[in-house]
Amino acid sequence: MGIQGRVMNRINYIFNQKKDILNVYFTAGYPTFDDTIRVAGSLQDAGADMLEIGIPFSDPLADGPTIQESSSKAIENGMTIHKLFHELKDLRKHVELPVLMMGYLNPIIRYGISEFCEACQRVGIDGLIVPDLPIQEYLDDYREVFMEHELHNIFLISPNTSEERICQIDEWSDGFIYMVSSSSITGAKKGLESRQLDYFNRIDKMNLKNARLIGFGISDHASFSKACEYAHGAIIGSAFINQLKNDASQEAIKNFIKSIKN
Amino acid sequence: MKYQVDDKGYYGKFGGAYIPEMLYPNIEELRLSYLSIIDSDEFKNEFEELLKNFVGRPTPLYSAQRLSEKYQTKIFLKREDLCHTGAHKVNNTIGQILLAKRLGKEKIIAETGAGQHGVATAAVCALMGMECVVYMGEVDMNRQKPNVERMKILGAKVRPAKSGSKTLKDATNEAMRHWINNPVETHYIIGSVVGPHPYPDMVARFQSVISAEIQIQLQEQEGKNAPDHIIACVGGGSNAAGAFYHFLDNNDTNLIAAEAAGLGVSTGRSAATTQLGKSGVLHGSKTLLMQTDDGQVAEPYSISAGLDYPGIGPMHAHLFDTGRAEFFDVTDEEAMQAGIELSKLEGIIPAIETSHALAIFGKRRFGNEEVVVLNLSGRGDKDLETYIKQGKY
Ligand SMILES: Cc1ncc(COP(=O)(O)O)c(C=O)c1O
């Protein structure tokens, strides 16, 4: 832990400690309203290394049908940011892993940016992924308050992101960079193609200061371990949501994580 | 230049480009190149040639005698309904497809509400021999059937948007997802002054031909180049942006916008964004947005598919915020009556979107000698089924 008497952020800590990080995304309030903490706890017990809690939104632009559906179900279940923070108030009694929140900008603006950041810090959130918040807007209007509440902002890059922009993103990132595996919205695809591997290689050779996790289209052991060859780990979302849809029991979650890791 | 977009892509507090990183290269390419492309002589020549010979511009500015008599003022109708494909939408699709060609794009996608933008996109794609996919809400496919078939005849693929309210907002989501999945060879022709910067400005510029012509035609007919009032309906706001454009910074011209109140602003079945919306982010820009207290986007309602959208373009949010434009909300019923009134008085059956603008005459008085230009954004052919079902004629 902290060398200068200060606790290191859990995200940086885990990258210092471990390789082949498995970060698992799930939607808050899915499959039922009060599943959030239970799913988080089960994922930790099952051996996930990092968690990403999705805030449901009516219009998730960057998401495919699986996450769209989980999002509308969660809204139907009554999940809101207010209720989510209430549900997460004892998060840190149950979960030690680094926890990120992933959410679109509109509900966060409505909640209030500083109120949101304050609540994140209070319940023990380590970082944020806001897919429709580009870097310039972040630097102009959000960075200060994110930092004030010790929230790491995680940026995405895609195969079409220019090297210049990747360097800019690397400069302003702290935690890790989220490498979107192909030009696509979220959704489980089968396997990784050779041009994706070329892209992973290209980024690997850039010697970025930040760790990288590969996400979008990672769905099973084969794609997870392939991603780990080129980055510090990977993120699984839609494939896990599909699992929750079929069977969200602790046992099923355990088996799912086991099947990914080995 | 107070009401134009600034260097950062904002109109006052509204605008910007709130897009996922996957679309950044596309939006950045557009941002860096759109002005130099559309200001080049070679582009202008081709654009103007097509507006003239394919669209049939200039569209008439028609002095509507019987309507003027009824409302005791001087009403001129800007006849965008006479544009090829039946609405103003084609001004923008011609501009954007010429731009797409210059960016080396091979495929076109679009969203559509009433189907007018979809038809206008399908037509220019046929013209240029480009592949075309149009997303349309399932509800809208049912209420604007003739336009669905027109798009197909023109060679476009029409894909239903089945999420949310199954209307324009959801069609826009699907089009953006398609673009994320196919960023390199595809250009997305957005149909209104919405979306991330530079779209609102780009679309407004293509539609600004409307107010440029009004200036010339009014000079010829009335001996002055600016009206006292200009009226337009606002869905996303493209026909209004085009009609207002050259008068934005001329405070002698009053700008009037008509929004769809649906069944009534306080019924929960409405699309009157300035009345019901709060600042938010959707489809890439910060703007006024109908939403719940939790920031979920509300599902709007209007009888008119083209106005059935929970937001408005950032330019219009700014015009509202600064008080530069007057905003009125018009119910389904008021609009239907106004549409039938125009048909009986002037021999023109308007699109139901446009009928919302016409209903302003029943809500606001104009001086006897004042010159009022109303942008007649489209014709009612696509709406016959609705007129038959809902109209009292
Ligand atoms: C005839 C007509 N008028 C107006 C609109 C509304 O769009 P905008 O506000 O962008 O002009 C539409 C949209 O489909 C339309 O077809």
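Just so we're clear, the structure is a prediction, and the values are computed from it rather than from any experiment.
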Of the options L133(A), L156(A), N160(A), V180(A), which is the one that meets E21(B) in a side chain to side chain contact (heavy atoms under 4.5 Å, CB included)? L156(A)
Tell me, side chain or backbone of F216(A) under 4.5 Å from chain B's heavy atoms, or both, or neither? side chain
How far apart are the closest heavy atoms of Y18(B) and D132(A), and which atoms are they? CB-O, 3.3 Å
Quick check against the 3.5 Å criterion: does R177(B) have a side-chain atom that pairs as donor or acceptor with the backbone of A62(A)? no
Taking the side chain from N106(A) and the backbone from V281(B), do they hold a donor-acceptor pair closer than 3.5 Å? yes
Considering only heavy atoms, which portion of E174(B) lies under 4.5 Å from any heavy atom of chain A: side chain, backbone, both, or neither? side chain
Contact class of L61(A) relative to chain B, heavy atoms under 4.5 angstrom: both
Residue part contacting chain B, namely of S183(A), when any heavy atom lies under 4.5 Å: both
Given a strict heavy-atom distance threshold of 4.5 Å, which part of I169(A) is in contact with chain B: side chain, backbone, both, or neither? side chain
Salt bridge present between D294(B) and R110(A) (N-O < 4.0 angstrom): no
For chain A, which candidate among P183(B), G16(B), G284(B) shows the most heavy-atom pairs at distances under 4.5 Å? P183(B)
To check you understand the geometry: which heavy-atom pair defines the closest contact between Q68(A) and S163(B), and what is its length? OE1-CB, 4.3 Å
Side chain / backbone / both / neither for P60(A) at chain B, heavy atoms under 4.5 Å: both
V297(B) and F57(A) have their tightest heavy-atom pair at CG2-CZ, 3.9 Å
